[in-house]
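First the structure, in the form of structure tokens, and then the observations on it.
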Amino acid sequence: MNFISLLINNFDASITVFVLILSIVLFIRNTIAPELTGLLCVAIFIATGVLTPQKALSGFGSPALITLMGLFAVSSALFKSGALDRVRELIASDNIRTPRRLIALLGFVIAPISGIVPNTPVVASLLPLIESWCERRNISPSKVLLPLSFATLLGGTLTLLGSSVNLLVSDISQQLVNAEGNTYGSLELFSLTSIGIPVWLIGTTYMILVSDALLPDRGRGKDFKNNANMNIYFTEVTIPTSSELVGQSLRNSRLQRRFDVDVLELQRNGKAILPPLADRRIQPDDRLLIRVTRADLLRLEQEHTILLAEKPSVFKNNKFFSSEEGTKTFEALIPAGSTLAGASLRELRFRQRHNATVLALRRGQQTVQERLGQALLRAGDVLLIQAPLDSIRGLQSSNDLLILDQVEDDLPVLSKKPIAIAIAILMIILPSISDIPLVGSVLLSVIAMVCCGCLRPAEIQRSIRLDVILLLGSLSSFSVAMQSTGIADFIALNLNFLLNGLPLYFALLVIFLSTVILTQFISNAASVALILPVVIGFSSTLEISPDALIMVVLFGASQSFLTPMGYQTNLMVYGPGRYRFLDVAKYGLGLTIIMALTIPALIIVNY
């Protein structure tokens, strides 16, 4: 029976093919968001009766998807507790002066972290830090941002937890049924590791060796400066006697090594000392005019490294962020026509009039050189304010300030860092030494993070990437529909002639390249959902374990090194790096060829 006959005689197969073609077109054209494309296809499957609601929606209740949701929460707790502060310090250290050294750090340090923490939040967390490093070193972001994305992709194949695609493959494998009526089973936590480690080491070596020759210099430009200043504040701080900064030079202090802080002026004994300040040693009661991100300012305050110069004494003794005092931290914009514009905070007697303390000031791309209390306010300035709830209500009723958002939830929980790290380690170890499945270990870790104060319950919901969850949950219906309608078996049967007679290595190479090519034009999750049900039927023809074919598809879908659309982390660095479309292919083509030649051989050795 040919394919046309199959479609004519099988209504469900016809609908499935129509849905697959529609989804590919929508994924390529990006007409609507990918997750909406997935939901549209699920709706068509249900409405036409191709799949029952239980089968079509089974992906949303799969252990793999629940595991991913838990991982988003765990990774949020790790970032919030400062578990990756050491990485921040390494990036800002004097030893990392060149793009090649930074790429080596990304490959050998950041990539393994992506084997445990999903790569998307890793890139989101490090992107501003690396942009700041580029600005300090006067280096174009295009020389280092693409390796950041590639490093997390390579690290994402070290364990099952490294990527949402890994979990989707495991979920589809669990749903597909073999000739005996049994499922192929899910992947284990370290099923990928024996192949992932060589892939990671080879890929990192390539990225380092060719970086100078193949990565373009696109400059920094206005867009880069705009992005870098999106969350920059100016404020005045005092160095307490107990601060660990006392006796250190600014160059060697944690202000420069770990935090994104620029010191614009030092005031000592009533005298102003202007830059250069790098070799000045910090003394107790020094007052510093600094430029700093909101997150770093809050973290420095909580660590007692600095005291905010404008902070009233009532907030001392670590009660500044105390919820018992009924105070909140929030951002407020000075709108056009505000009576505050044109006057300084001191002239306005802002603290006394509004019972609120201005912690810092943000003013677009301009540098504020005056002391915080003496700086003349302008329309468009954003103030970081701390105030009791009653005062906030009063400010909201005023036309002089527009309350933007509360940032209380952004406050770090640095005292919980050892606990958060211990919980994450136990999350990985438990499935290996006990009968507890991975999803159970991840959920226990989420509960432990909340109970130990590393994460608030409300933050769990905010940490979950709903777009990723909707996409992955809906795509599993593709695989179920292809198998239940017989399309997967038909395609596999009729494509056997392509692989028949080919040596095993070249057969796996063809499957790998097919997956890689499809991944560049639609999402890697969609390519897995389309290819895996077909490829897994080749196991008897090729006389190889189905697990080997699952690995070929998994690693093929993870090699998103040719286009910006290949993976979401590529898109995340594409704009800030000012890349052009072919820049990604230029740097990633060699890596793709090396992986295409290497991975099939590694799979044959392991299986």
Side-chain angles (χ1 to χ4, degrees), residues 3-69 72 164-165 167-178 181-186 439 461 464-492 518-519 521-537 553 557:
F3 192 63
I4 301 297
S5 299
L6 173 67
L7 298 184
I8 293 175
N9 298 322
N10 189 330
F11 174 76
D12 289 351
S14 302
I15 295 297
T16 301
V17 170
F18 166 76
V19 170
L20 295 181
I21 294 173
L22 174 65
S23 65
I24 291 174
V25 171
L26 292 177
F27 279 131
I28 293 176
R29 294 176 61 88
N30 201 28
T31 308
I32 58 177
E35 62 272 19
L36 293 182
T37 297
L39 292 175
L40 172 62
C41 296
V42 170
I44 295 175
F45 284 139
I46 295 175
T48 57
V50 173
L51 294 176
T52 64
Q54 290 74 16
K55 287 186 177 181
L57 300 174
S58 60
F60 290 100
S62 67
L65 205 66
I66 302 301
T67 300
L68 181 61
M69 294 169 68
F72 280 129
S164 58
V165 175
L167 294 167
L168 178 63
V169 170
S170 179
D171 183 40
I172 293 175
S173 174
Q174 177 70 30
Q175 294 186 35
L176 294 179
V177 179
N178 57 26
N182 302 316
T183 66
Y184 292 99
S186 58
V439 62
Q461 182 178 353
I464 295 172
R465 287 283 306 277
L466 188 59
D467 57 335
V468 176
I469 299 302
L470 291 176
L471 177 63
L472 298 186
S474 59
L475 286 179
S476 63
S477 65
F478 284 50
S479 303
V480 176
M482 288 180 67
Q483 190 175 52
S484 63
T485 58
I487 291 177
D489 293 336
F490 181 88
I491 295 175
L518 186 58
T519 295
F521 299 101
I522 64 176
S523 74
N524 48 11
S527 66
V528 164
L530 295 176
I531 291 178
L532 189 55
V534 175
V535 167
I536 207 165
V553 174

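The figures here come from the full heavy-atom set of this structure, side chains too, leaving out hydrogens, waters and symmetry mates.
When the side chain to side chain contact (heavy atoms under 4.5 Å, CB included) test is applied to L20, the partners found at least two apart in sequence or on another chain are T16, F478, M482, L530. Take S484 and apply the side-chain hydrogen bond (donor to acceptor under 3.5 Å, both in side chains) test, not counting sequence neighbours, and it matches no residue.
The side-chain heavy atoms of L26 and L36, taken from C-beta on, include no pair separated by under 4.5 Å. Two residues are said to be in side-chain contact when any heavy atoms from C-beta on lie closer than 4.5 Å; L472 and L68 meet this criterion. Here the side chains of V480 and S477 are not in contact, with every heavy-atom distance at 4.5 Å or above. The side-chain heavy atoms of L39 and L470, taken from C-beta on, include a pair separated by under 4.5 Å. Between L168 and I172, some side-chain heavy-atom pair lies under the 4.5 Å cut-off. Considering only heavy atoms from C-beta on, L40 comes within 4.5 Å of L22 through its side chain.
The distance from the OG atom of S164 to the CZ atom of F72 is 6.5 Å, given to the nearest 0.5 Å. Taken from CG in L57 to OG in S476, the straight-line distance is 8.5 Å, to the nearest 0.5 Å. For the atom pair CG of L65 and CG of D171, the computed distance is 7.5 Å after rounding to the nearest 0.5 Å. Taken to the nearest 0.5 Å, the CD1 atom of I15 stands 12.0 Å off from the SG atom of C41. Here Q54 contributes atom CD and I46 contributes atom CD1; the two are 9.0 Å apart, rounded to the nearest 0.5 Å. Atoms CG and CD, from L532 and Q175 in turn, are 11.0 Å apart once rounded to the nearest 0.5 Å.
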*side-chain contact (heavy atoms from CB on, under 4.5 Å) between V528 and N524, intermediate numbers included*: CA-CA 6 Å; V528 164; N524 48 11; 5.6 Å; no
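In plain terms, the two heavy atoms of P63 and V439 that are nearest each other are O-CG2, 3.8 Å. When all heavy atoms are compared, the tightest approach of A525 to V165 is N-CG2, 4.3 Å. Of all non-hydrogen atoms in S479 and A529, the two that sit nearest each other are OG-O, 2.9 Å.
For the pair S14 (side chain) and N10 (backbone), a donor-acceptor distance under 3.5 Å is present. Although no hydrogens or angles enter the test, the distance criterion places no donor-acceptor pair under 3.5 Å between the side chain of S173 and the main chain of S170.
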